[in-house]
Amino acid sequence: MEKYLVASSGDQLDSKISGRFGHAKFFIVIDPQTMDYEAHPGVDPDQEKPDIGTFMKKGISKVIVGNIGPPAFNEATGYGLKVYLCRKMTVKKAISKVYNDEISPMQEPTLKESLHSPRKADGNASGRGTGRGMDLGRSTGKGHGKGRNGDKGRSRG
C-alpha cells in the first residue's frame, strides 16, 4: 500500500498545497486509495526541520509540493520518491490528479537554490546549501513562485 507525503497549508483534505515545501504548515501522509490520512504539524521556522526520512517508515512513495528547492528535491529522489508539482490545488484534488496519472513526476526542482544558501557580499547566493531536510524548499525571493524561466511554471514552446 503506497502513501503520499503532501506539503499542505492546513490539516484537512480541502486545504491548499503549500507554496513552500520546507515551510509547510502541515505534512499530510495519505493513502490515495482510501483517502485515510494523518496530518503532521510543520515545524516552526526557528526550530530544526525534520527530514523526509522521518516519513519513510510510513510507506510514502510520492511527494506533492507547491515548490521545492534542490536539496529537498535531491533528498526525496535519493530515497527513490517521485515528486509532483501541484500548485494552487487542494490536497484532495492534487491526490486525485497524481493518483490518476494526470501529472508527471518532476525531473528537477522548481527553484534553483534555497534561501538557506549562504550569501556573498554582493547579495547573490553562493550556490551551496547549508540547511538540511525539508527546510530547503524556499526560493531566493527574486522571482518567488515562478518556474525556471520566470514564467510561473508554464513551459515555453
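- To the nearest 0.5 Å, atoms CD1 (Ile103) and NZ (Lys62) are separated by 10.5 Å.
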Practice problem: Test Phe21 against Ile52 for side-chain contact (heavy atoms from CB on, under 4.5 Å), laying out the working first. | Solution: CA-CA 11 Å; Phe21 178 72; Ile52 294 170; 4.1 Å; yes
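- The aromatic ring centroids of Phe27 and Tyr37 lie 6.0 Å or more from each other.
- For the atom pair OG of Ser8 and CG of Asp14, the computed distance is 9.0 Å after rounding to the nearest 0.5 Å.
- The CG atom of Asn74 sits 11.0 Å away from atom CD of Glu108, with the distance rounded to the nearest 0.5 Å.
- Side-chain contact between Val98 and Pro32 is absent, with no heavy atoms from C-beta onward closer than 4.5 Å.
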Practice problem: Under the side-chain contact (heavy atoms from CB on, under 4.5 Å) rule, what do Ile17 and Val6 come out as? Steps first, then yes or no, please. | Solution: CA-CA 7 Å; Ile17 299 297; Val6 184; 3.4 Å; yes
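- Taking all atoms of both residues into account, the shortest heavy-atom contact from Phe26 to Ala39 is CD2-CB, 4.3 Å.
- Using modelled atom types, one finds a donor on one side chain and an acceptor on the other under 3.5 Å when comparing Asn67 with Thr110.
- Under the 4.5 Å side-chain heavy-atom criterion for ILVMFWY residues, no single connected hydrophobic cluster contains both Tyr4 and Met56.
- Hydrophobic clustering of Ile, Leu, Val, Met, Phe, Trp and Tyr side chains at less than 4.5 Å, counting indirect connections, unites Leu5 with Tyr79.
- The two residues Pro109 and Phe73 have their closest heavy-atom pair at CD-CD2, 3.7 Å.
- Between the side chain of Ser9 and the backbone N or O of Lys16 there is at least one donor-acceptor pair closer than 3.5 Å.
- The aromatic rings of Phe55 and His40 sit perpendicular to each other, their planes meeting at more than 60°, with 30° as the lower class boundary.
- Counting all heavy atoms, side chain and backbone alike, Leu85 lies closest to Gly66 at CD1-O, 3.1 Å.
- Cluster membership check: Ile95 shares its hydrophobic cluster with Tyr84, using side-chain heavy-atom separations under 4.5 Å among Ile, Leu, Val, Met, Phe, Trp and Tyr.
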Practice problem: Dump the intermediate steps for side-chain contact (heavy atoms from CB on, under 4.5 Å) on Met35 and Ile30, then the final yes or no. | Solution: CA-CA 6 Å; Met35 297 303 277; Ile30 187 166; 3.9 Å; yes
Quiz item: Should Met106 and Ile68 be marked as a side-chain contact (heavy atoms from CB on, under 4.5 Å) after you check the CA-CA gap, both sets of side-chain angles, and the distance that decides it?
Solution: CA-CA 10 Å; Met106 297 168 57; Ile68 191 168; 3.7 Å; yes
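- A distance of 8.0 Å separates CG in Leu13 from OG1 in Thr90, rounded to the nearest 0.5 Å.
- Atom CD of Glu38 and atom CD1 of Ile28 lie 11.0 Å apart (nearest 0.5 Å).
- Closest approach of Val91 to Gln12, counting heavy atoms only: CG2-O, 4.1 Å.
- Rounding to the nearest 0.5 Å places NZ of Lys82 at 9.5 Å from OG of Ser104.
- Within a 6.0 Å sphere centred on CD of Gln107, heavy atoms belonging to other residues, nucleotides or ligands number 12 at most.
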